[in-house]
Colleague: 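Just dropping this structure here.
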Amino acid sequence: MFDRIRSRIPRSLGAKLVAILTGVALLGAASITLLLALVITPSFDRLEAQAIDGHVERTRAALTEYASKVEASVRDYGDWNESYDYMGAPNRAFEEDSFATSAMVNLGVNGMAYVRPDGGIVIARWIDLETGKDSPQLRAQLLAEIRRIDFRRALAKDNSASFYARLGDRIAAIGIAQVRRTDGTGDPRGHVVMARMITSQQLGNLLQLRAGLALNAPVSAPRLDLGERDIAVAVPVPGEGGDSIASATFRVPRDLSRLGRNMLQLAVVGTTALMLLVMAVLSVMIGRLVLRPLNRVEQHMGVVRGSGNLVPLTEAPRRDEIGSLVDSFNAMLVQLKDLREQVEAQSFKLGQSESAVAVMHNVRNALNPISTVLSQGLGEAPATDRALLDRALSELADDSIPPARRQKLVAFVAAALSSEAQARDARKEQLGIGRDALHNVLEIIGRQQEQAHERPPLETCDVTDIVARNATIARYSGASSIAFHFPSTPHWVLANRVLLSQVIGNLFSNAAEAIAATGREGGSIAVSIREIGDRMEIRITDDGEGFDPANAPQLFQRGYSTRVNKSGGLGLHWCANTMVAMGGSLTLLSEGVGIGASAVLELAASDLVREDVAA
């Protein structure tokens with residue numbers, strides 16, 4: 001019985017490979033199919049659900065952040081002594097300053113209004129942020145919305161709130177706040193209302209998607225409409241009290257689910273391809289492990305018969321028929337191992353000899369030109385026979401020589417001296433050529449590449465936008481109330497946007513500290529930008545404490561500060577070095593202590609943008 005079972009076990013190597021690889025192929029195909037069916041497809045569905053949840057949360061966060069910015073602005077106007085005084089006694093000066101077009105544009109709000117505690121409107125305005133023109137229609141819709149607001153309920157938990165409201169066929173983020181003193185004291189004298197319009201394009205920019213606002217189809221909770229190629233998502237836009245007033249809609253392509261379906265379809269194709277691959281690998285392995293070794297043995301035996309050189313056949317040890325055949329064949333050739341080693345040693349010595357001959361040949365070729373030059377110089381005959389020249393000179397020294405003879409001797413000596421001069425000039429020229437060649441070689445060998453200081457990458461950027469962003473940050477960064485004045489038109493310069501923003505932010509911070517050092521509750525910082533030739537001058541002027549002009553050089557020293565217990569910040573030393581690295585400069589000016597100071601930045605103007613604007 002055991003003999004019968006043993007007889008059924010394949011002993012042929014090819015048969016073993018066929019059995020093993022076929023089993024591995026079937027197991028692999030089944031494993032891939034099972035993996036795709038039980039793991040990958042549900043994982044893709046879960047990833048798609050997580051992606052949709054992420055889009056919904058980002059939409060909610062974007063809507064909340066958009067409304068929060070309006071709430072932050074309205075809170076600043078609500079907790080403000082000037083607003084508190086204005087509600088007590090409305091005046092024209094406050095309205096012209098706080099309700100100016102530039103002020104509303106800087107705040108980024110379309111509408112503003114002050115409301116009495118009884119609901120009466122003190123003042124209200126609505127402008128188009130792009131054109132700066134008033135819109136009576138939207139102002140009327142804002143007033144209608146204000147009359148519908150329940151301020152007591154909206155401000156039950158805090159002194160400010162934000163939500164969304166419909167103004168006709170548009171949606172705006174509304175921010176409301178109580179009018180109190182700056183420190184939060186005093187009985188509220190009314191409310192401040194600000195509104196900022198939100199459009200589908202703005203929502204799309206926030207979400208980085210093609211989004212829209214559906215006014216006629218508000219949803220109370222996120223809604224998903226599954227399609228074949230994409231998913232339509234609707235997220236509620238919260239109004240007063242949390243009720244939805246509209247829906248933020250967008251579509252998300254179903255790439256993950258489609259990829260899962262493609263993977264399922266690939267399972268069948270992959271299984272078939274895997275089987276074909278197994279069969280191909282099987283044929284290759286049979287050829288490599290069985291047929292090719294037998295062919296090598298046969299070819300080696302033919303080489304031995306034809307050449308008479310009995311070189312052993314080197315094969316990895318094998319415990320099959322082929323291994324036994326190789327061992328028997330090599331046993332007859334062991335006696336020739338020493339002979340083969342001797343031949344290899346002799347071949348190595350012969351190679352060394354040939355290599356030495358080749359080196360000597362190259363050295364001889366390199367020395368031949370030098371030998372030729374030296375031989376020509378040594379073998380060159382002198383331009384004049386020295387003995388004849390000495391004899392002619394001795395005869396010329398004799399006063400008894402006839403004039404005719406003297407003339408011939410003079411001509412001979414002149415010709416000899418001329419030949420010597422020409423030969424000397426020729427040798428000087430050759431030496432000059434050799435000197436120049438040697439000088440060039442020494443220059444090439446001794447030249448060192450100087451490593452240039454790396455400069456930050458420069459780009460075209462709008463310095464007005466950088467000033468506006470840093471002014472917004474600086475306005476709310478300290479306890480003092482600071483008024484900023486800067487141009488509204490773009491000014492383009494060549495600089496590093498990040499570094500320039502850090503420099504301007506640091507200068508604003510220094511100016512704010514200088515204003516606070518005067519002891520006043522507020523101050524002003526004015527920024528002027530003008531083009532001077534191919535340069536752009538940015539002048540930042542504050543009405544702070546200023547400094548002694550004699551101390552101006554010390555301000556740029558590393559670690560120097562006029563503030564007591566000052567820590568942090570980039571420092572004027574870093575700012576000056578950064579401006580120089582960007583191809584610009586930084587200068588500090590002041591007429592004296594208590595008169596304020598100015599920081600003057602100079603940068604290269606962007607010619608490319610200037611030409612585009614002119615065109």
Side-chain angles (χ1 to χ4, degrees), residues 76 80-82 85 93 97 102-103 106 182-183 463-464 466-487 491 493 495 499-530 532 535-582 584-603:
D76 291 336
W80 191 17
N81 291 337
E82 295 187 16
D85 297 339
D97 185 22
S102 60
N106 291 335
T182 303
D183 56 2
V463 68
T464 304
I466 295 176
V467 169
R469 292 177 182 272
N470 284 278
T472 303
I473 297 173
R475 182 182 291 113
Y476 303 108
S477 61
S480 301
S481 176
I482 301 176
F484 279 87
H485 305 279
F486 51 86
H491 294 82
V493 297
L499 295 179
L500 182 58
S501 179
Q502 289 180 284
V503 171
I504 293 178
N506 187 56
L507 294 177
F508 281 172
S509 177
N510 292 343
E513 293 179 358
I515 293 174
T518 61
R520 304 195 309 269
E521 295 183 356
S524 64
I525 299 176
V527 180
S528 62
I529 305 175
R530 62 172 181 168
I532 305 175
R535 309 286 290 178
M536 195 73 70
E537 180 188 271
I538 304 99
R539 184 179 293 268
I540 303 173
T541 304
D542 64 80
D543 57 354
E545 61 176 348
F547 59 88
D548 188 353
N551 296 331
Q554 294 182 347
L555 299 177
F556 292 103
Q557 294 179 1
R558 185 186 299 273
Y560 179 80
S561 177
T562 59
R563 307 279 179 260
V564 180
N565 299 327
K566 175 67 184 295
S567 62
L570 297 176
L572 292 175
H573 175 78
W574 179 89
C575 293
N577 290 340
T578 301
M579 291 299 298
V580 173
M582 292 189 295
S585 63
L586 170 61
T587 306
L588 297 180
L589 304 174
S590 178
E591 296 182 1
V593 178
I595 308 180
S598 296
V600 181
L601 304 175
E602 284 193 6
L603 286 167

Colleague: Quick check for you: to the nearest 0.5 Å, what is the distance between Leu499 atom CG and Cys575 atom SG?
Modeller: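 Taking CG in Leu499 and SG in Cys575, the distance rounds to 10.0 Å.
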Colleague: The criterion is side chain to side chain contact (heavy atoms under 4.5 Å, CB included); which residues satisfy it with Ala495, sequence neighbours excluded?
Modeller: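 Listed in chain order: Cys461, Val493, Leu500, Met582, Leu603.
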Colleague: Do any N or O atoms from the side chain of Asn106 and from the backbone of Ser102 form a donor-acceptor pair under 3.5 angstrom?
Modeller: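 At least one qualifying donor-acceptor pair exists.
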Colleague: Compare all side-chain heavy atoms of Asp543 with those of Thr518 and state whether any distance is below 4.5 angstrom.
Modeller: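 No, every pair of side-chain atoms sits at 4.5 Å or beyond.
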Colleague: Output the distance between atom CD1 (Ile540) and atom CD1 (Ile529), rounded to the nearest 0.5 Å.
Modeller: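 Answer for the CD1-CD1 pair, Ile540 versus Ile529, is 8.5 Å.
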Colleague: Are any of the side-chain heavy atoms of Phe508 and Val527 separated by less than 4.5 Å?
Modeller: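 When only atoms from C-beta onward are counted, Val527 and Phe508 do touch, with a gap below 4.5 Å.
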Colleague: Using the side chain to side chain contact (heavy atoms under 4.5 Å, CB included) criterion, which residues pair with Asp97? Sequence neighbours excluded.
Modeller: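 Applying side chain to side chain contact (heavy atoms under 4.5 Å, CB included) to Asp97 gives none.
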Colleague: Do Thr578 and Gln502 have side-chain heavy atoms sitting under 4.5 Å apart?
Modeller: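 No, side chains not in contact.
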Colleague: Partners of Thr464 by side-chain hydrogen bond (donor to acceptor under 3.5 Å, both in side chains), sequence neighbours excluded?
Modeller: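 Here the qualifying residues are His491.
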Colleague: Taking all heavy atoms of Leu507 and all of Ala599, pick out the closest pair and write down the distance.
Modeller: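 Nearest heavy atoms, Leu507 then Ala599: CD1-CB, 4.1 Å.
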Colleague: Could I get the full list of side chain to side chain contact (heavy atoms under 4.5 Å, CB included) partners for Arg539, not counting sequence neighbours?
Modeller: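 Arg539: side chain to side chain contact (heavy atoms under 4.5 Å, CB included) contacts with Ser528, Glu537, Thr541, Leu589, Ser598, Val600.
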Colleague: Quick one: side chain to side chain contact (heavy atoms under 4.5 Å, CB included) partners of Glu82, sequence neighbours excluded?
Modeller: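 Side chain to side chain contact (heavy atoms under 4.5 Å, CB included) list for Glu82, sorted by chain: Trp80, Phe94.
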Colleague: Rounded at 0.5 Å granularity, tell me how far CZ in Phe486 sits from CD1 in Ile466.
Modeller: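 One finds 12.5 Å between CZ of Phe486 and CD1 of Ile466.
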Colleague: Measuring only between side-chain heavy atoms, which start at C-beta, is Val580 closer than 4.5 Å to Leu586?
Modeller: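 No, too far: nothing below the 4.5 Å cut-off.
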Colleague: Identify the heavy atoms of Ala514 and Asp542 that sit nearest to each other, and give their distance.
Modeller: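 That would be CB-OD1, 4.2 Å.
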Colleague: As an exercise, state the distance from CD1 of Ile515 to CD1 of Ile482, rounded to the nearest 0.5 Å.
Modeller: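 Nearest 0.5 Å value for the CD1-CD1 distance: 4.5 Å.
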Colleague: What residues, two or more places apart in sequence or in another chain, satisfy side-chain hydrogen bond (donor to acceptor under 3.5 Å, both in side chains) together with Asn81?
Modeller: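 Once residues adjacent in sequence are excluded, the partners of Asn81 under the side-chain hydrogen bond (donor to acceptor under 3.5 Å, both in side chains) criterion are Thr182.
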Colleague: Counting distance only, does the side-chain N/O of Ser590 pair as donor-acceptor with the main-chain N or O of Gly546 below 3.5 Å?
Modeller: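 Here the side-chain-to-backbone pair does not exist.
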